[in-house]
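See below for the structure under consideration.
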Amino acid sequence: MSAVVGIDRARYVYPRGGVVALEEITVEIPEGQSLGVVGQNGSGKTTLTKLMNGLLKPNSGRVLVDGRDTAKASVQELAGDVGYVFQNPNHQLFAPTVADELAFGPRNIGVPEAEIPERVAEAVEFFGLADILALHPYRISFPLRKLVGIASIFTMRPRVFILDEPTTGQDHRTTSTINRLIRRLRDRGSTVVCVAHDMPLLADVSERLIVMWNGRLIADGTPREVFADRAAMERTHLAPPQITQLSLALPGRTGRPAALAVGELVGEFGGAVGSAGTGSGEA
Amino acid sequence: MTDEPIISITKLEFTYTHGTRPALAGVSLQIGRGEYVGIVGLNGAGKTTLGLCLNGIIPHMLMGQGSGAVRIDGRDPWTTPVREMARTVGMVFDNPEFQMSQVTAGEEVALGLENVGLPYEEMVPRVAEALELVGLAGFDERSPMALSGGQQQRLAIASTLAMRPSILFMDEPTSNLDPIGKEEVFEIARRLNREAGMTIIVAEHEVEVLAEYADRIIVLDEGRIALQGTPSEVFGEVETMARLGLRVPQVAEFAHAVRGQSAAARRGPLPVTLAEAVAWVGDGQ
């Protein structure tokens, strides 16, 4: 399996204050993988993702994106491969209308002009933005603005799609849209890196979870494995999804794998309906 | 809880000046002294607007057309200055950074007291008391910007507590916090509620957290109350909640589905917290 992102013993120290944000981290992300990154604030999650788009360069070690050393490539060069959605859309949006915002990214990375309307139309449809296309991004509500931030990366169709806390402050309806987005990206073969505290989302869409703690990577596995890793969960004060906690707390289930979705656990009761894996997160 | 509700709202309607539809479309609601109430609803359902009506930010600072009656601890926020109402209703918002304006944490907490003209010698103990209540005793000289997200939000709470309000309204107070910060904020609110009898109202998307902490849940939908009751009553309405585009705690969804498979099994109220769910499963075996 070829890695689209290869982080090799990367260390990063913030220039101001000399705080070590990342200690010699090594992670390989295979093309097409959906990876969740969890940990408390300040554990190094965002620093790690900024190494992936070249916004930060490691002090030592190497970061390769599609075989290219990020230390030798500019953020602009990497932008076609790595799309980065900021946690705060205000850091990202600047065009006068939502429509311009959606078209800016692909135009900027040199997508042929003839292809852009189709990409914008797809994003408008997927994110339900038809009514606000003519508005200024700052005239719309914060939750909607956040969706516009995501949509404006979506139109660039990057190979690696990085999302930093996409569901923060969002209601269930919008969270479901983001859930569908990650599934669609996965189906398309895009690589997705999602930093989040939203464990039900990650349980639903991630193939792999890594846990960061004090600039170190302390757990790496499938969500099922990581959520069952009590030591890593306690050390980072992270709580698995409630249904996973229930599955781990039931005395009668000792030794069985953790459940990730409501349907999985329901399937074990009453026996009649085996609805395991239907993804309860989306009502 | 005394008989007289601390909050009494009758047929409250409000439309923002540039709004295309009413943000509140006829809300009637009573909240008893010392209650802990959770408010859920989609973005735009009216949660924040309702909160802003409690301390008079609406209509004094945010304009629009309104009708109905609001009584807060015997006062009418529509005719009482916001500065006065701030002594009754404390407000905490989702982004603590936006609420920070001072150089030190102590000054941050003192700001509201200065605004109401409290004498210096009364101010000092009040600031210390408020910082102590949120677990930030000794943080007086620290810069708010050097605090963690959870600490900043606790500082924002301390700033409102210094006014000794009887009601605390928190609007998605933990949406920008990590899990530790979230726990800190909800634990403090619980303590204020249980030990000081403070009335707590919190708008929050995370229903698992509300089921754990709140006595009553109010569901807003397009400016109206769609459902209200105990967490078990409201989150037990699994289908209605889904129709409103809202989640229920995963354990409630689980129990509802299991019950659907064999109607005879496991009667009684649906579990809405993890502990209740463990007990509920145990009872059925």
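Since the structure is predicted, the reported quantities are computational estimates derived from the model, not experimental observations. Protein chains get the first letters and strands the later ones, always in sequence-line order, with residue 1 at the start of each.
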Report the C-alpha separation of B/E239 and B/H256 in whole Å, then their side-chain angles, then the decisive distance to 0.1 Å, and conclude whether the side-chain hydrogen bond (donor to acceptor under 3.5 Å, both in side chains) test is met. CA-CA 10 Å; B/E239 274 123 29; B/H256 179 75; 2.9 Å; yes
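- With hydrogens and angles ignored, the 3.5 Å screen pairs no side-chain donor or acceptor of B/D221 with any backbone N or O of B/R224.
- The choice from A/A249, A/A239, A/P241 that makes the most heavy-atom pairs within less than 4.5 Å of chain B is A/P241.
- Looking at B/E253, B/E204, B/E208 one by one, the single match for salt bridge (Lys or Arg N to Asp or Glu O under 4.0 Å) with B/R247 turns out to be B/E208.
- Checking side-chain atoms of B/R216 against main-chain N and O of B/V37 turns up no donor-acceptor pair under 3.5 Å.
- Taking B/L177 as the reference, B/Q153, B/T174, B/V185 meet the side-chain contact (heavy atoms from CB on, under 4.5 Å) condition, with sequence neighbours excluded.
- Inspection of the A/R145 and A/N90 side chains reveals an N or O donor paired with an N or O acceptor under 3.5 Å.
- For the residue pair A/D171/A/T174, the side-chain donor-acceptor check at 3.5 Å is satisfied.
- Distance check, rounded to the nearest 0.5 Å: OG1 of B/T48 to CG of B/D171 gives 3.5 Å.
- If you measure heavy-atom distances from A/E165 to chain B, you find no contacts under 4.5 Å at all.
- The residue among B/V278, B/I180, B/V40 with the most heavy atom pairs within less than 4.5 Å of chain A is B/I180.
- In this structure, chain A has no heavy atom under 4.5 Å from any part of B/D94.
- Counting heavy-atom pairs closer than 4.5 Å to chain B, the top residue among A/G169, A/G42, A/P143 is A/G169.
- Heavy-atom distances place the side chain of A/L250, and not its backbone, under 4.5 Å from chain B.
- For the set B/G149, B/G181, B/P179, B/S175, the entry with the most heavy-atom pairs within less than 4.5 Å of chain A is B/P179.
- A salt bridge links A/D204 with A/R183: the closest approach of a Lys/Arg side-chain nitrogen to an acidic carboxylate oxygen falls below 4.0 angstrom.
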B/Y16 and B/H18: CA distance, side-chain angles, deciding distance, ring pair (Phe, Tyr, Trp, His ring centres under 6.0 Å) verdict
CA-CA 5 Å; B/Y16 290 100; B/H18 295 290; over 10 Å; no
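- Within residues 213-237 of chain A, the residues having any heavy atom less than 4.5 Å from a heavy atom of chain B are, in residue-number order, A/H237.
- With a 4.5 angstrom heavy-atom cutoff, B/T273 touches chain A only via backbone atoms.
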